[in-house]
There are 2 protein chains.
Amino acid sequence: MEVQDFLELFRKYLRTRGLYDTRARERVAAALFRSPGHVDAATLGHRLRQEGSPAAPATVYRTLELLVQAGLARKFVWNDRTLYEAALGRPHHEHLLCTRCGRIAEFHDAPLEERIAEVYEERGFRPTSHQVLLFGICPECSGE
Amino acid sequence: MEVQDFLELFRKYLRTRGLYDTRARERVAAALFRSPGHVDAATLGHRLRQEGSPAAPATVYRTLELLVQAGLARKFVWNDRTLYEAALGRPHHEHLLCTRCGRIAEFHDAPLEERIAEVYEERGFRPTSHQVLLFGICPECSGE
DNA sequence: GTGCATGCAAAAATTTTGCACATCA
DNA sequence: TGATGTGCAAAATTTTTGCATGCAC
């Protein structure tokens, strides 16, 4: 999926809600989608500044929140860090976090997802989203 | 498991590390263990104040961190809230969170845990801890 | 033109840190 | 007694909010 397609979806979301399609919002959205992996709000703001298209922290936060609500971004918190990642064009995945080096690895596991779906059903919860965080020591760190 | 047993373990942890067994630490530890479910640092501080055994915020944070390191407490973050819970005498469990009413339900699912263990193995990570957060609408909220 | 969004700065909320004094072993 | 912990207050973070101005529709 291209940045343009992503932006188009964001525009559509804004339109259907009567919200404005502004430059600041497009910049923040584009910056997020161009970011591989995860970013926090401060880093995103920093990148925008470097690109010569700064956005106020408040705007970054407000836009990221919009993107999450639109289903175009995911938000997750680890170790006091609030991270965002683009949610489209990237398959759903969970995270493996190395507590020694801080590396974050992604993985997808079908049986795990299936079991999660079953848990939802058994408990009578209607699923909206979920997140699995596996903390451990990565091969590199435990091998040395 | 009784509060006293829990405290004894904490004392042992402190002793083996050459740390002091102080009143403030005992109070915070006892308050955490007496708390059903989850508490945040501010709430814990509030309870201590009500009991007439106040502890400074800094002390609450420092002690909770010790308890986590000792394996006597678990820490998890949800929706910008940092929560702590006693980790002993309570079986390991995951969380189901209702995004409508804010209720937090606990569950344990053996097949899910097994699959998680397999994921660790497949990726070569040495497990330390994990957390599964399932967001959704609880039966009460979706039924009405 | 009207209304929503932005940017700024101030505020809020949360957690950490420095340091003098108190406490523990 | 000497090392470690506590409390306080200040600081550092991180995120939110109020409000005047600026854009989008």
Side-chain angles (χ1 to χ4, degrees), chain A residues 7-8 10-32 38-49 51-70 73-84 102, chain B residues 7-8 10-32 38-49 51-70 73-84 102:
Chain A
L7 289 179
E8 197 46 60
F10 188 36
R11 289 190 199 109
K12 185 174 292 179
Y13 174 82
L14 293 171
R15 236 179 288 134
T16 61
R17 301 230 155 189
L19 302 173
Y20 292 174
D21 175 21
T22 66
R23 275 181 213 158
R25 282 178 178 160
E26 296 240 342
R27 284 171 183 161
V28 174
L32 174 69
H38 327 82
V39 271
D40 58 38
T43 304
L44 211 56
H46 190 245
R47 282 191 200 154
L48 289 167
R49 225 169 300 128
E51 292 173 9
S53 56
T59 302
V60 174
Y61 282 106
R62 287 186 282 229
T63 305
L64 286 173
E65 206 47 51
L66 274 179
L67 287 163
V68 170
Q69 282 164 22
R74 285 190 284 261
K75 175 185 184 176
F76 79 99
V77 180
W78 173 53
N79 225 20
D80 309 325
R81 292 211 306 152
T82 302
L83 302 170
Y84 295 86
Chain B
L7 289 179
E8 197 46 60
F10 188 35
R11 288 189 200 111
K12 185 174 291 179
Y13 174 82
L14 294 172
R15 236 179 289 135
T16 62
R17 301 228 156 191
L19 301 174
Y20 292 174
D21 175 20
T22 66
R23 274 181 212 159
R25 281 179 178 157
E26 295 241 343
R27 284 171 182 163
V28 174
L32 173 70
H38 327 81
V39 270
D40 58 38
T43 304
L44 211 56
H46 189 246
R47 282 190 200 154
L48 289 168
R49 226 170 299 128
E51 292 173 9
S53 56
T59 300
V60 174
Y61 282 108
R62 288 186 282 226
T63 304
L64 286 172
E65 206 47 51
L66 274 180
L67 287 163
V68 170
Q69 282 165 21
R74 283 190 286 262
K75 175 184 184 177
F76 79 98
V77 181
W78 173 52
N79 226 20
D80 308 327
R81 292 211 308 151
T82 302
L83 302 170
Y84 296 85

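The chains referred to below are lettered A, B, ... by the order of the sequence lines, with proteins before strands, and numbering in each begins at 1.
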Using a strict heavy-atom distance below 4.0 Å, which residues from residues 58-66 of chain A are in contact with DNA chain D?
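Hits under 4.0 Å, by residue number: Ala58(A), Tyr61(A), Arg62(A).
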Among residues at least two apart in sequence or on other chains, which ones pass side-chain contact (heavy atoms from CB on, under 4.5 Å) with Arg74(B)?
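Arg74(B): side-chain contact (heavy atoms from CB on, under 4.5 Å) contacts with Glu85(B), Ala87(B), His92(B), His93(B).
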Residues in side-chain contact (heavy atoms from CB on, under 4.5 Å) contact with Asp21(A), at least two apart in sequence or another chain:
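Asp21(A) satisfies side-chain contact (heavy atoms from CB on, under 4.5 Å) with Arg11(A), Leu14(A), Glu26(A) once adjacent residues are dropped.
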With sequence neighbours excluded, tell me which residues meet side chain to side chain donor-acceptor pair (under 3.5 Å) with [X].
X        : value
Thr43(A) : Asp40(A)
Glu51(B) : Arg34(B)
Arg47(B) : Ser35(B)

Nucleotide N/O of nucleotides 20-25 of chain C paired with protein N/O under 3.5 Å:
none

Under 4.0 Å from any heavy atom of chain B: name the first and the last nucleotide of DNA chain D that qualifies, 5' to 3'.
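Result: dG2(D) to dC8(D).
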Between the two end axes of the helix from dG1(C)-dC25(D) to dA25(C)-dT1(D), each built from 5 base pairs, what angle do you get to the nearest 10°?
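Here the helix ends are tilted 30° relative to one another.
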Who passes ring-ring contact (aromatic ring centres under 6.0 Å, His included) against Tyr20(A), sequence neighbours left out?
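Expected list: none.
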Scan Pro54(B) against the nucleic acid and name what it touches under 4.0 Å (heavy atoms): base, sugar-phosphate only, or nothing.
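Result for Pro54(B) = sugar-phosphate.
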Tell me, yes or no, whether the heavy-atom count around Arg15(B) atom CZ, taken from other residues, nucleotides or ligands under 6.0 Å, exceeds 12.
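Above 12, so yes.
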Report, one line per pair, each donor and acceptor closer than 3.5 Å where one atom sits in a side chain of residues 55-65 of chain A; sequence neighbours left out.
unit_1	atom_1	unit_2	atom_2	d
Arg62(A)	NE	Ala58(A)	O	3.4
Thr63(A)	OG1	Thr59(A)	O	2.8

